[in-house]
Amino acid sequence: MQKKRTHMVGELADEALIGKTVVLAGWVGRRRDLGGLVFIDLRDRSGIVQVVFNPETSPLAHSAAEKLGSEDVVCVSGVVVRRPPGARNLTIPTGKVDVAAEFLEVLSKSKTPPFYITENLDVDETLRLKYRYLDLRRPDMQRNMIFRHRLTMAVRNFLDSQGFVEVETPMFIKSTPEGARDYVVPSRVNPGRFFALPQSPQLFKQLLMVSGFDRYFQLARCFRDEDLRADRQPEFTQIDIEMSFVERDDVLTLIEAMVTDCMEKTLGTSVEKPFLRMSYAEAMERYGSDKPDIRFGMEIIDIGDIVKNCGFRVFQGAIEAGGKVAAIVAPGCSDFSRQQIKDLEEVVKGFGAAGLMSVAVSCGGEGEQTLSSQLSKFLTEDELRGIAKVTAAENGDLILIVAGARNVVLESLGRLRLHLGAKLDLIPQDQMAFLWVTEFPLFEFSQEEQRIVAVHHPFTSPLEEDLDLMETDPLSVRANIYDLVLNGVELGSGSIRIHRRDVQERVFRALGLGEEEAREKFGFLLEAFEYGAPPHGGIAIGFDRLAMLFAGRKTIRDVIAFPKTQKAVCPLTGAPGVISEEQLNELHIQVVDMGKIGTSGDPELP
RNA sequence: GGAGGCGUGGUGUAGCUGGUCUAACAUACCUGCCUGUCACGCAGGAGAUCGCGGGUUCGAAUCCCGUCGCUUCCGCCA
């Protein structure tokens with residue numbers, strides 16, 4: 001570069017610079033060639049500024065500017081001038097000034113880009129990912145990445161200020177049983193052996209507690225070979241935290257302080273502390289979800305008491321079988337057509353419900369409610385009115401009822417609630433609704449494996465008061481688990497760990513793990529615990545999701561510089577690729593089913 | 001593994017109840033004109049065998065089957 005850059009373009013919003021000569025460098029945005037005058041929008045990561053090329057100022061610069069194309073990289077010098085009245089652009093921060101170019105050097109020509117380098121781009125995401133370096137040139141993506149950086153710094157600064165030590169843990173680790181599918185790396189020097197990439201640094205952070213690191217954190221890369229979603233990538237980042245000599249509320253208080261501090265530092269907004277807390281059981285009863293979106297109401301209401309003796313087989317049968325009849329109220333939906341209600345029924349059926357009953361509440365004059373429903377064939381008028389009363393349905397509302405097994409009723413109504421919340425636009429988009437969900441069950445029964453498995457992980461501490469149930473009724477033992485939920489998204493999950501040997505053994509026994517098997521699988525951790533393990537607990541916060549929600553995005557791909565597609569492919573680099581026969585041999589690996597090798601991602605493949 | 005949506009010039013879309021579709025519109029691109037534009041304007045031009053394969057038909061962007069890719073969701077994610 002011939003000239004040394006003196007300013008970022010965004011700095012020119014400061015009118016004190018008027019009259020000064022500046023040297024700028026950046027990319028050419030739009031060019032407006034008026035024949036005599038040429039305007040360009042010069043862009044760097046601080047913003048854009050308009051540069052004017054006037055042949056009277058510099059014929060040389062002007063004629064060079066006539067040949068500029070989109071995304072050429074240029075160096076411009078000139079005087080910052082106040083724009084003539086009426087020519088100001090108040091929609092951009094630098095809109096009151098121009099740079100009157102005296103000198104222009106093209107540092108690098110650009111091919112015509114495959115899409116516009118502009119905000120609010122609507123273009124196929126594969127194309128964005130293939131040209132991610134151009135996509136990341138767009139101002140909104142630059143803002144996202146810079147925002148993520150700020151959030152990273154806020155997290156690190158906060159935790160540092162609280163005496164936390166960031167420790168890096170290995171990426172090549174031993175595969176541990178349970179949990180997600182591992183990404184696996186073959187070992188060249190150990191034929192037939194494989195490393196796993198960490199699903200989280202769980203065991204290492206507990207070892208660090210044994211080592212006396214008291215307060216550990218890490219912005220940790222984690223890897224899980226599971227199918228992708230808008231908020232799930234195969235590699236992702238967690239704010240991983242572990243603390244010694246703490247109880248649950250110490251962790252919750254710390255995280256509340258961290259999250260609100262980060263919010264203030266990055267968004268400049270605050271939110272009330274402490275966050276709302278709710279037991280898992282309550283979350284399920286009221287919202288049919290272990291991660292309720294509490295930005296809106298429409299809670300689930302049990303109507304079992306009203307219909308338990310109604311004689312309608314579907315309702316009564318559900319209750320007699322130990323199930324449930326419950327409802328939600330869709331506000332202002334009493335005029336839903338049969339087809340619209342059928343569509344809602346499809347939603348609950350998708351989650352196992354047998355069907356959906358509805359009661360439309362309308363005004364019958366004289367303040368009377370008219371209830372119309374296919375249920376009037378089966379229920380008495382009093383029973384229908386009873387339902388309207390406990391659900392507090394008002395004129396114009398539609399009561400939606402599901403009967404069946406408890407978890408099916410709750411989950412399907414919970415999903416229907418979310419569906420309607422979005423459809424009816426009931427969810428305030430500008431709110432940050434944090435929530436702690438606590439007291440999860442310690443175990444659940446895995447239908448697939450036909451055995452009891454840990455809900456969180458096998459080192460999660462049971463609640464003291466439920467210890468007695470461990471042998472008699474393990475599935476109702478509650479754990480000292482806490483999930484942080486933000487706007488219906490699971491942000492993080494943590495627990496107080498077991499540090500007592502006897503408790504750990506009882507948990508293993510409940511999981512059907514013999515002493516020998518436990519040694520084999522987690523031996524190093526158990527052994528470590530025999531050398532003085534402090535009571536400890538921690539949490540891991542999904543950093544990408546936090547960044548996504550704070551940045552107001554709908555997918556974590558928007559806050560990850562180089563994300564993967566839903567098939568876990570990188571359209572930019574073509575990863576994952578095939579490797580040579582030599583590489584395979586060196587790794588002692590044979591590809592069994594060559595016929596299954598797909599072509600997605602890899603441009604080298606046929 | 002399953003369900004839905006999408007796939008048409010570089011980009012975003014229209015066309016999709018089969019026949020002047022010899023594929024339209026906008027924008028980007030090229031050429032020319034233009035001294036206050038800022039999504040500059042005006043005039044002209046080039047650019048797509050409609051994701052791919054097969055079938056039905058005299059005739060397919062359009063109908064059918066298969067397949068690939070992207071995406072949302074279910075399963076899965078200690």
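The sequence lines fix the lettering, A, B, ..., with proteins before strands; numbering per chain opens at 1. Model, not experiment: these values are computed from the prediction.
Spacing between B/rC38 and B/rA61 at atom C1', rounded to whole Å, works out to 39 Å. Distance check on atom C1': B/rU72 versus B/rC65 gives 25 Å, rounded to whole Å. For the P atom pair drawn from B/rG12 and B/rG7, the interatomic distance equals 11 Å after rounding to whole Å. Atom name P, nucleotides B/rA48 and B/rG9: the rounded distance is 10 Å, in whole Å. For B/rA46 and B/rA28, the C1' atoms lie 13 Å apart once the distance is rounded to whole Å. Between the P atoms of B/rG54 and B/rG18, the separation comes to 23 Å (whole Å). Here the separation of B/rG1 from B/rC58, taken at their C1' atoms, is 44 Å to the nearest Å. Between B/rG55 and B/rC50, the distance separating the two P atoms is 16 Å to the nearest Å.
Between A/Arg32 and A/Asp41 there is a salt bridge, with a side-chain nitrogen of the basic residue lying less than 4.0 Å from a carboxylate oxygen of the acidic one. Ion pairing between a basic and an acidic side chain is recognised when a charged N comes within 4.0 Å of a carboxylate O; A/Lys96 and A/Glu15 show such pairing. Residues A/Glu346 and A/Lys342 are not paired through a salt bridge, judged by the lack of any N-O separation under 4.0 Å between the basic side chain and the carboxylate.
Sorted by first and then second residue, the salt bridge (Lys or Arg N to Asp or Glu O under 4.0 Å) pairs with a member in residues 116-135 of chain A read A/Glu119-A/Arg143, A/Glu125-A/Arg557, A/Arg128-A/Asp135, A/Arg128-A/Asp558, A/Arg132-A/Asp135, A/Asp135-A/Arg138; sequence neighbours excluded. Here side-chain hydrogen bond (donor to acceptor under 3.5 Å, both in side chains) pairs that include residues 474-488 of chain A, with residues two or more places apart or in two chains, are A/Glu439-A/Arg478, A/Asp466-A/Arg478, A/Asp473-A/Ser476, A/Asp483-A/Ser493. Sorted by first then second residue, the side-chain hydrogen bond (donor to acceptor under 3.5 Å, both in side chains) pairs that include residues 51-72 of chain A, not counting sequence neighbours, are A/Arg43-A/Glu71, A/Glu71-A/Arg137, A/Asp72-A/Lys109.
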Could I get a table of every N or O pair under 3.5 Å where one atom is in the protein and the other is in nucleotides 11-14 of chain B?
| unit_1 | atom_1 | unit_2 | atom_2 | d |
| --- | --- | --- | --- | --- |
| B/rU11 | O4' | A/Pro114 | O | 3.4 |
| B/rG12 | OP1 | A/Asp124 | N | 2.8 |

Nucleotides 44-46 of chain B: which of its N/O atoms have a protein N/O under 3.5 Å away?
none

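Taking only side-chain atoms of A/Phe351, from C-beta outward, the nucleotide of B/rC74, B/rC76, B/rU72 with the closest atom is B/rC74. Considering only the side chain of A/Ala87, B/rU37 comes nearest among B/rU37, B/rU71, B/rA28. Relative to the side chain of A/Lys567, the nucleotides B/rC29, B/rC70, B/rG1 differ in distance, and B/rC70 lies closest. For A/Glu226, the listed nucleotide lying nearest its side chain is B/rC77; candidates were B/rU37, B/rU35, B/rC77. Of the listed nucleotides (B/rC77, B/rU35, B/rU72), B/rU72 has the atom at the smallest distance from the side chain of A/Thr555.
The base-pairing partner of B/rG36, taking Watson-Crick or G-U wobble contacts with both distances under 3.5 Å, does not exist among the strands shown. Base pairing of B/rG12: its partner is B/rC25, meeting the Watson-Crick or G-U wobble criterion (both donor-acceptor distances under 3.5 Å). In a base pair of the Watson-Crick type (N1 to N3 plus N6-O4 or O6-N4) or a G-U wobble (N1-O2 and O6-N3), with each distance short of 3.5 Å, B/rC70 is matched with B/rG5.
The phosphate of B/rC74 has OP1 or OP2 within less than 4.0 Å of a side-chain N or O from A/Arg415. OP1 or OP2 of B/rG10 has not a single side-chain nitrogen or oxygen of A/Thr112 nearer than 4.0 Å. At the phosphate of B/rC29, OP1 or OP2 sits under 4.0 Å from a side-chain N or O atom of A/Ser70.
Across all strands shown, A/Gln199 has no heavy atoms under 4.0 Å from either base or sugar-phosphate atoms. No engagement by A/Thr460 is indicated, since no non-hydrogen atom pair under 4.0 Å with the nucleic acid exists. Residue-level contact check: A/Val453 touches neither bases nor backbone, having no heavy atom under 4.0 Å from any strand. Within the nucleic acid shown, A/Arg88 comes within 4.0 Å of at least one base atom, counting heavy atoms only.
Remark: P of B/rA28 and CG of A/Leu68 are 17 Å apart, rounded to the nearest angstrom. The CZ atom of A/Arg128 sits 12 Å away from the C1' atom of B/rU71 (whole-angstrom rounding). Atom P of nucleotide B/rC77 and atom CD of A/Gln238 are separated by 16 Å, given to the nearest angstrom. Rounded to a whole Å, the CG atom of A/Asp231 is 9 Å from the P atom of B/rC74.
If you check residues 30-39 of chain A against RNA chain B, the residues with a heavy atom closer than 4.0 Å are A/Arg30, A/Arg32, A/Asp33, A/Leu34, A/Gly35, A/Gly36, A/Leu37, A/Phe39, listed by number. Taken residue by residue, residues 506-523 of chain A places no heavy atom nearer than 4.0 Å to RNA chain B.
With sequence neighbours excluded, no residue forms a ring-ring contact (aromatic ring centres under 6.0 Å, His included) with A/Phe443. Residues meeting the ring-ring contact (aromatic ring centres under 6.0 Å, His included) test with A/Tyr116, sequence neighbours left out: none. With sequence neighbours excluded, no residue satisfies ring-ring contact (aromatic ring centres under 6.0 Å, His included) with A/Phe39. With sequence neighbours left out, A/Phe296 forms a ring-ring contact (aromatic ring centres under 6.0 Å, His included) with no residue at all. Not counting sequence neighbours, the partners of A/Trp436 by the side chain to side chain donor-acceptor pair (under 3.5 Å) test are A/Glu256.
Considering every non-hydrogen atom in both A/Ala422 and A/Ile427, the closest pair reads N-CD1, 3.9 Å.
The line from CZ of A/Phe440 to OG of A/Ser279 is 9.5 Å long, rounded to the nearest 0.5 Å.
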Test side-chain contact (heavy atoms from CB on, under 4.5 Å) on A/Asp182 and A/Asp225; report intermediate values, then the result.
CA-CA 6 Å; A/Asp182 283 322; A/Asp225 186 5; over 6 Å; no
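Each of A/Gln504, A/Glu242, A/Gln206 was scored for a side chain to side chain donor-acceptor pair (under 3.5 Å) with A/Arg497, with one residue passing: A/Glu242.
Residues A/Ala230 and A/Gly69 each lie close to RNA chain B; by heavy-atom proximity, the contact nearer the 5' end of the strand is made by A/Gly69. Of the two residues near RNA chain B, A/Ile92 and A/Pro113, the one whose nearest nucleotide lies more 5' is A/Pro113.
Around atom CZ of A/Arg295, more than 12 heavy atoms belonging to other residues, nucleotides or ligands sit under 6.0 Å away.
You'll find the side chain of A/Lys205 stays beyond 4.5 Å of the side chain of A/His536, heavy atoms only.
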